[in-house]
Amino acid sequence: MITETSAQLVLEAALSSGGDFAELYMEDTVSNSLVMIDGAVDNATSARSTGAGVRVFSGVRSAYAYTADTSLDALIGAAKAAAAALSSDSRISVVPFRPADYAVSPRIPYATVDNATRIAKMHEAHLASKSYSDEISQVVVSLLDVDKSMFVCNTEGVWASDRRPRMRLAVQAVASKGGDSQTGYDSPGNARGFEGFDLIDPTACGKEASRQAVTMLHADECPAGVMPVVIDGGFGGVIFHEACGHSLEATSVSKGNSVFCGKLGTQIAAPCVSAVDDGTMEGEWGSIHIDDEGTPSRRNLLIENGILKSYLIDRLGGRRMGMAPTGSSRRQDYTYAPTSRMTNTFICEGKDDPEEMIRTMGDGIFAAYMGGGSVSPLTGEFNFAVREGYLVRDGKIVAPVRGATLIGRGADVLMKIDRVGPRMWMAQGMCGSLSGSIPTNVGQPRIRVSQITVGGKGGTLA
Amino acid sequence: MTYNEFRKSVLDTALALGCDAAETVFVEGDSFQVGVLSQEIDTYSVSRKFGMGLRVQVNGRDGYAYTEKLEDPESLCRRALDNARVIGTSDDHPMQGAQTYATVTAPENPVCDMSEREKIALALEAERRALSIDPRVERVSRDMLITGHTTIHISNTLGLDAHRENRYSYSYLSPIVREGDEVHDGMAFRTGRDILDTASLAEEAVQDGLSQLGAAPVHSGNYRVLFKNIAAVDFFEAFMPMFSADNAQKGLSPLAGREGENIASAAVTLCDDPLYPANPRAFDDEGTPSVSKTVVENGVFRTLLHNLKTAKKAGCASTSNADRPSAASPVGIAPSNFYMTSGEDDFETLKRKLGTGLIITEVSGLHAGVNAVTGDFSLLSKGFLVENSEIVRPVDQITIAGSFLTLLKEIETVGSDLKFTPPGSSMLGMPSILISGLMVAGK
């Protein structure tokens, strides 16, 4: 995207006020988005986004300037603007670049796929969803593909590029009866070329969305109160993402804004809990070959048998914490400075019987399919939605319930996990934080939490 | 190529390739952002961004393409044309022709005119003030000041040539308060001229944090609820998609076909006014001149929000609510300046009318706990327990749950304290509202 000579000029301009580290990031991203309503394509858009960002550090202070204009003049202008915000007596020079190309070409690049091929996949999902039941009143299918080429170089000799294709099919089904409606949703995706459809079954996706919507249409309102909850695998992993993952990011930890500050080597979760963030999993939605600072991605063991082993650390956070980066620095695009984020984050497989954990739970909720959530890392207070829930009475699933939310504090709920099942699977999500919206996987086996607050409007659980 | 050369070339090429019409939207902007921590600049960001969205029409169907590289007009046009050809819906989307617009005057924005040094000084001052208010303020976790400038130019082959500018500024302060092992973060924000009053920003943010000390859940059950304006506005914002005619026509809104019905209590009047003086605009994102309208009048639902496409299908006029969140987005629908008209009662009077129940001051997880298709919500919340019109203690770790349309009918009283979100393409405003009952999950 740029020659070594030009990059050197940009980095030197970035250091002109005495910064002790400078970095240039560039990207060229092409995306296509199709939306199908009731079986007909309603919107079709294509976009190409190109730009660059220059970041300068002076100790733990940082400045960032970005521009959509990637001419050398504009890049040097951005570098000087960032430099102007920081001044020190430090004088360093640019280390010779060590070029490394991590890009892997997809087998079927999206640019070689015509709209008709995309629409055929969407139509398949639509038909499966629509024909699932007479109660399905509307189906919205969307297909997004993004092919991002990125490049980063810095004053410590990093010169690295990556290519990150990703694709996601999403089906939202609405089931209606009388004046009542409920929705169901499924959205598989991966970080491969169009060959990723080898692993995505549009029919299964359409059926799953409709199954949820119809199930919830015939569900009662979820009761409210504190009770045991069994959370199934896959998107259930959002509980770890919110209750723990965000609070392990250097963004919060390095400034003392996390409940898990200073807890390395101590027990923060029940002994049955081990957890990992792994950006190296081939073709997975949250995977990256290198992070946005050029550090190779890796598997980070976060929690082992309840003991906190690692945080997720970017360069700037690492400077504050006196710790090395963990390949976790990510950003939505060049309009954001990168910071520590998750990739594919999951609770590891355990040994407990998935049926026994429901049989012995007494009265509570089985959360079969989770929705999104959020957290305040400072206090660890989190919340997330249950898309498909079931009321459990005396260890037996008795009826579906709708409208449930689970809330709690991360430090409490991690200690209250008392069962972890033997099979882990993951699901795809978009995670929003300081450096924008990025693709991440969440995952877990089926787990049980002995006590958690369940919000719903169906009265109290008597 | 300069922007104007590129724009002309794109429109000419689109017609030459057989499009019936073509429209470009060019958005250009710069921004400044500073974050302060421990009286030093912690984060600093400046930007210059631009991009062009192209919309072409073939047989009444829209196709879109977007680029940030002002080169190769033909490939941009071909991508848009490819996209137009696959549209399967039969709804025509008229393109706006030449229009004349009212002159609007934006409010003064003195912070936008400041030097970077002056803006940084304001952020430093806000942190200093927060730290000096109360010994329980441990430190400040976020102290940001943001300013920016955006210009939008829409032009098309039917003669539309519409240009507008927008300047914005806001500040945000979040102090951390501690008493023993208990930690809370307070929050307050200011926009426009109000940013200059860092004392009031710091005071509000610190009091917000201190007021949470001693918080605990309440027992689960049904409670009368007084939504404070800042919580009410976040809550209402999450249900805005319900008022979109596009969603209604697609079967994704429970308000479809309910114009003329009573959907709310008689205390409720909702307005959408693009000309509202605090954030006025002369036209919407497809160039339709701004129209002020009442959406709900004394409880009666009057109109959905329309753009040219949904208006044509419904056989009415556009309500000037066409929206493109970015130049890369297709034309959709969003509120402009959408607010509930205020009532007579101040917050103290509302608290007296509440009697015994909960004041809700914060709702979280709105992207997950709200379903705008069905109207269901279940949300992590904070606030205060009130008994006999007196605040007893702060409350946290509870959820409130219900249905938006039921809640609209259960609004007993509307307060006089109308408060808006920061101005942007949309700006939402709500007074505090008293609700007769909501299900609460706690201990």
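Hydrogens, waters and symmetry mates are skipped; everything else that's a heavy atom, side chains included, is used. The chains referred to below are lettered A, B, ... by the order of the sequence lines, with proteins before strands, and numbering in each begins at 1.
Most heavy-atom pairs under 4.5 Å with chain B, from the set A:S176, A:G256, A:G179: that is A:G256. In terms of heavy-atom pairs under 4.5 Å with chain A, the best-connected choice from B:T67, B:I87, B:D30 is B:I87. Ranked by heavy-atom pairs shorter than 4.5 Å toward chain B, the options A:A40, A:S181, A:G51, A:S62 are led by A:S62. Chain A forms more heavy-atom pairs under 4.5 Å with one residue of B:D185, B:V34, B:L76 than with any other, namely B:D185. When A:L378, A:V375, A:T453, A:T379 are compared by the number of non-hydrogen pairs under 4.5 Å with chain B, A:L378 comes out ahead. Looking only at heavy-atom pairs under 4.5 Å with chain B, the residue among A:T67, A:V140, A:L316 that has the most is A:T67. Counting heavy-atom pairs under 4.5 Å between each of A:D38, A:T45, A:V35 and chain B puts A:T45 at the top. No other option in A:G432, A:G455, A:A44 has as many heavy-atom pairs under 4.5 Å with chain B as A:A44. Between chain A and the options B:L379, B:L438, B:N83, heavy-atom pairs under 4.5 Å are most frequent for B:N83. Note: B:L37 leads B:D62, B:N222, B:L37 in heavy-atom pairs under 4.5 Å with chain A.
For the residue pair B:S31 and B:S47, a side-chain donor N or O sits within less than 3.5 Å of a side-chain acceptor on the partner. Between the side chains of A:S376 and A:E381, not a single donor N or O lies within less than 3.5 Å of an accepting N or O. In the model, A:S71 has a side-chain atom that pairs as donor or acceptor with a side-chain atom of A:D69 under 3.5 Å. Defined by atom type and a distance below 3.5 Å, a donor-acceptor pair is missing between the side-chain atoms of A:T50 and A:D28. Side-chain atoms of A:T405 and B:S378 include a donor-acceptor pair closer than 3.5 Å. A donor and an acceptor atom, one from each side chain of B:R139 and A:N257, are located under 3.5 Å apart.
Put simply, the side chain of A:M370 reaches to within 4.5 Å of the side chain of A:V386, judged on heavy atoms. Between A:S258 and A:C261, some side-chain heavy-atom pair lies under the 4.5 Å cut-off.
A salt bridge does not link B:R78 with B:D72: every distance from a Lys NZ or Arg NE/NH1/NH2 to an Asp or Glu carboxylate oxygen is 4.0 Å or more. Using a 4.0 Å cut-off between charged nitrogen and carboxylate oxygen, A:R409 and B:D396 count as a salt-bridge pair. The pair B:K250-A:D42 meets the salt-bridge criterion, since a charged nitrogen lies less than 4.0 angstrom from a carboxylate oxygen. Taking the charged nitrogens against the carboxylate oxygens, B:D376 and A:K457 do have a contact shorter than 4.0 Å, which makes a salt bridge.
For chain A, the nearby part of B:E40 is the side chain; its heavy atoms alone come within less than 4.5 Å. Contacts of A:Q182 with chain B are made by both backbone and side-chain atoms, with heavy-atom separations under 4.5 Å. Residue B:I400 does not touch chain A at all, counting heavy-atom pairs closer than 4.5 Å. Using a 4.5 Å cut-off between heavy atoms, A:V60 contacts chain B through its backbone alone, with no side-chain atom that close. In this structure, chain A has no heavy atom under 4.5 Å from any part of B:R117. With a 4.5 angstrom heavy-atom cutoff, B:N371 touches chain A only via side-chain atoms. Looking at B:L366, there are no atoms closer than 4.5 Å to chain A (heavy atoms on both sides), in backbone or side chain. For B:V370, no part lies near chain A; criterion is any non-hydrogen pair under 4.5 Å. The contact between A:V454 and chain B is made entirely by backbone atoms, counting heavy-atom distances below 4.5 Å.
In this structure, the side-chain contact (heavy atoms from CB on, under 4.5 Å) partners of A:A219, at least two apart in sequence or on a different chain, are A:M216, A:P400, A:R402. For the side-chain contact (heavy atoms from CB on, under 4.5 Å) test, residues two or more places apart in sequence or in another chain that qualify with A:A82 are A:V56, A:A63, A:A65. Taking B:F6 as the reference, nothing meets the ring pair (Phe, Tyr, Trp, His ring centres under 6.0 Å) condition, with sequence neighbours excluded.
The stretch residues 48-57 of chain B places B:R48, B:K49, B:F50 near chain A, each with some heavy atom under 4.5 Å from a heavy atom of that chain.
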